[in-house]
Amino acid sequence: METAVVVALTVAVFVFAFVAIAALVVLVRRTGAQSPRVAAPTPEQLEEVNAELEEARRQAAEIRAKAEAEAGEALSRSEAVEKTALQIRKEVEEESRVLKGELKELRSDLERRENRLAEREQRLDEDARRQAERGRKLAETETELAHRREELLKTEAERRAILERVSGFTADQAKADLVREIENQAKREAALIVREIESAARKEGEKRACKIVTLAVQRVATEQTAESVVSVLHLPGDEMKGRIIGREGRNIRAFETTTGVNLIIDDTPEAVLLSCFDPVRRETARLTLEKLVLDGRIHPQRIEEAYERSKGEVRDLCVRAGEDALVELGITDMHPELITLLGQLRYRTSYGQNVLKHLIESAHIAGIMASELKMDAMLLKRCTVLHDIGKALTHEVEGSHALIGAEIARRYGEHEDVVHAIEAHHNEVEVRTVEAVLTQAADAISGSRPGARRESLEAYVKRLERLEEIAQSYDGVEKVFAMQAGREIRVMVKPDSVDDIQAQVIARDVAKQVEEELTYPGQIRITVVRESRAIEFAR
């Protein structure tokens with residue numbers, strides 16, 4: 001900074017001197033031009049010289065001021081540069097101090113890691129020495145064991161040679177013959193005992209069961225029709241369709257909104273279709289439409305009035321249906337709420353089978369079987385007619401219909417045997433009474449009889465294919481045929497690969513696998529056929 005000021009002042013002095021000298025030179029020249037000799041200047045000349053000197057002084061002052069301003073600016077810039085340099089120096093010193101601290105920490109961390117690595121290497125060396133020592137000891141032990149094993153093998157070989165020379169058989173041959181003989185004898189004796197016991201029990205059980213079931217089925221005459229999801233209502237004329245539709249479809253929209261049932265009007269002459277999966281709503285809608293057609297006045301308000309009356313009629317029909325079912329079965333003492341719930345099942349279906357008809361049919365079958373077994377027929381009828389009572393509330397209460405029905409029966413004072421038969425008819429509770437077993441049997445007979453329930457063709461074909469696949473998966477099976485609509489499997493086995501005992505085992509295993517994997521009504525019979533033929537020709 002001081003150097004810049006000195007330079008500026010020096011420049012100003014030199015400029016001032018230069019101007020003065022220039023003025024003197026001009027004055028000398030002018031006087032010399034006027035006279036060759038030196039003469040005293042005139043006042044005008046002196047004034048002109050003074051004016052030029054003043055001008056030179058002024059210019060020198062301006063130059064000096066400029067120089068001083070430039071020097072001040074240089075001084076300010078110099079101070080700013082010095083401040084910046086000082087700040088940068090402080091920052092550099094701070095960063096250097098931080099870096100030195102970090103470097104120190106890194107060095108200490110590196111030293112610790114090196115110490116740990118050294119300790120780890122030392123431990124590894126010690127472990128390696130111990131492993132080497134252990135390996136050496138193991139090698140010595142193995143060598144000793146090998147020598148002992150060789151000695152034992154020699155001793156065993158000598159003993160075996162002596163025994164083989166005495167008996168005339170090798171050790172492997174004797175062992176295989178003994179094991180084979182004992183195994184065959186045990187299998188044959190066990191199979192004979194099991195076959196005799198099963199044969200006697202099966203003959204007696206099948207004889208009595210067939211007799212009871214046959215009598216029960218023969219004495220029960222039921223319809224073989226299945227419920228559908230569509231009801232047909234016949235009209236007095238095709239002009240009634242237009243009145244049902246109404247202006248711009250107003251009536252049909254009001255009807256479907258009020259009843260919750262789809263009304264299908266197509267080209268079928270003098271008929272309309274009512275479609276709904278809920279049979280109660282469908283029957284209520286049918287009665288409503290029937291009243292409207294008979295009255296002839298069809299409009300939204302009239303539809304709502306007819307619908308309310310039809311709901312009351314359906315409730316009365318449910319109560320009447322429950323009472324008629326009990327009268328048909330000869331049961332007189334039952335809680336009114338149970339009668340109402342039983343009547344509601346008139347409009348419920350299970351796989352296309354009417355639930356109320358299924359209960360009546362099952363109750364008749366159970367009563368007949370109870371009479372044959374010298375049991376209380378009325379108790380069995382009561383158990384069976386109420387075993388599906390929970391289906392009337394399955395859309396209102398969560399859970400299995402068997403457990404729901406048992407809770408309802410218990411609430412309304414039914415006998416404990418009746419409650420147990422209801423809750424155990426799908427094996428959700430362990431069966432403890434004969435009544436529960438007969439309830440299951442009557443339920444299965446009613447649901448599995450031909451025409452009782454409908455099954456889709458696809459499900460039926462898949463079930464038959466799976467039956468054949470299960471039987472075909474066993475070794476020695478040659479051909480498999482599913483017969484009698486899937487109620488019997490005929491299994492043909494190879495006679496040279498499968499003996500009679502193995503055929504019995506295959507039949508039992510197939511039956512067990514079918515029970516575990518498939519769902520089906522009734523029972524499926526598995527018949528294993530083993531046939532061997534001897535053919536010769538006489539010439």
Side-chain angles (χ1 to χ4, degrees), residues 220-223 227 278-287 308-350 353-371 375-426 433 435-436 438-440 442-443 446-447 452:
V220 176
T222 57
E223 299 177 357
E227 300 286 344
D278 189 344
V280 177
R281 288 210 312 264
R282 190 171 71 246
E283 180 64 17
T284 305
R286 190 190 68 80
L287 293 176
E308 293 299 328
R309 291 200 304 271
S310 298
K311 285 202 300 185
E313 291 182 6
V314 169
R315 284 195 295 268
D316 296 339
L317 289 173
C318 290
V319 175
R320 191 181 309 162
E323 293 174 350
D324 293 340
L326 295 180
V327 170
E328 181 179 350
L329 296 174
I331 301 174
T332 56
D333 53 337
M334 186 173 288
H335 197 280
E337 291 296 331
L338 289 178
I339 296 175
T340 303
L341 293 175
L342 190 64
Q344 290 178 3
L345 295 176
R346 172 185 181 183
Y347 300 105
R348 300 289 175 187
T349 59
S350 177
Q353 184 181 23
N354 186 282
V355 177
L356 182 58
K357 294 181 180 178
H358 163 64
L359 294 179
I360 297 173
E361 178 182 352
S362 302
H364 283 304
I365 295 173
I368 296 171
M369 289 192 296
S371 299
M375 296 177 62
D376 188 357
M378 295 306 298
L379 179 61
L380 261 298
K381 287 184 179 181
R382 201 177 193 92
C383 295
T384 313
V385 79
L386 293 176
H387 78 273
D388 277 342
I389 194 70
K391 289 185 178 180
L393 296 177
T394 50
H395 61 291
E396 299 175 3
V397 181
E398 294 183 358
S400 169
H401 73 275
L403 300 179
I404 294 172
E407 183 63 27
I408 294 171
R410 187 179 288 111
R411 184 188 309 166
Y412 292 118
E414 289 295 326
H415 193 272
E416 190 59 32
D417 290 341
V418 177
V419 174
H420 174 66
I422 295 172
E423 65 184 0
H425 78 277
H426 279 317
T433 62
E435 288 80 7
L438 292 178
T439 301
Q440 288 182 344
D443 181 26
S446 176

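It should be emphasised that the depicted structure is a prediction, and the values quoted were computed from it without experimental measurement. Just so you know, residue 1 is the first one in the sequence shown, and it goes up from there.
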*Hey, which of Val385, Ile360, Val319 is the one that makes side-chain contact (heavy atoms from CB on, under 4.5 Å) with Leu342?*
Val385
*With no hydrogens and no angle check, is any side-chain donor or acceptor of His425 less than 3.5 Å from a backbone partner on Ile422?*
yes
*In Å, rounded to the nearest 0.5 Å, how long is the span from CG of Leu403 to NE2 of His426?*
10.5 Å
*For His358 and Asp443, run side-chain contact (heavy atoms from CB on, under 4.5 Å): C-alpha distance rounded to whole Å, both residues' side-chain angles, the deciding distance at 0.1 Å, then the answer.*
CA-CA 8 Å; His358 163 64; Asp443 181 26; 2.8 Å; yes
*Would you confirm whether His387, through its side chain, and Thr384, through its main-chain N or O, come within 3.5 Å as a donor-acceptor pair?*
yes
*Would you say the side-chain atoms of Glu414 pair up with the backbone N or O of Ala406, donor to acceptor, closer than 3.5 Å?*
no
*State the NE2-CZ distance between His335 and Arg411, to the nearest 0.5 angstrom.*
10.5 Å
*Distance (rounded to the nearest 0.5 Å) between Leu345 CG and Leu386 CG*: 10.0 Å
_Testing the basics here: between Gly367 and Ala377, what is the closest heavy-atom pair and its distance to 0.1 Å?_
O-CB, 3.8 Å
*asked:* Working note: His364 + Glu328, criterion side-chain contact (heavy atoms from CB on, under 4.5 Å); need CA distance, chi angles, decisive distance, verdict.
replied: CA-CA 9 Å; His364 283 304; Glu328 181 179 350; 3.4 Å; yes
*Does some side-chain heavy atom of Met334 sit less than 4.5 Å from a side-chain heavy atom of Arg382?*
yes
*Atom CZ of Arg320: over 12 foreign heavy atoms under 6.0 Å*: no
*Determine yes or no for a side-chain-to-main-chain donor-acceptor pair under 3.5 angstrom, with Asn354 supplying the side chain and Lys357 the backbone.*
yes
*asked:* If I compare all heavy atoms of Gly330 with all of Met378, which pair ends up nearest, and what's the gap?
replied: O-CE, 3.1 Å
*Distance from Arg410 atom CZ to Glu423 atom CD, nearest 0.5 Å?*
5.5 Å
_What's the separation between atom CD in Glu313 and atom OG1 in Thr284, rounded to the nearest 0.5 Å?_
9.5 Å
_Spatial distance of atom CG (Asp376) from atom NZ (Lys381) [nearest 0.5 Å]_ = 10.5 Å
*Quick one: which of Thr332, Asp333, Ile339 gives a side-chain contact (heavy atoms from CB on, under 4.5 Å) with Leu326?*
Ile339
_Note: Glu283-Arg286 ion pair, threshold 4.0 Å (strictly below)_ = yes
*Are Arg315 and Gln344 side-chain neighbours, meaning at least one heavy-atom pair lies under 4.5 Å?*
no
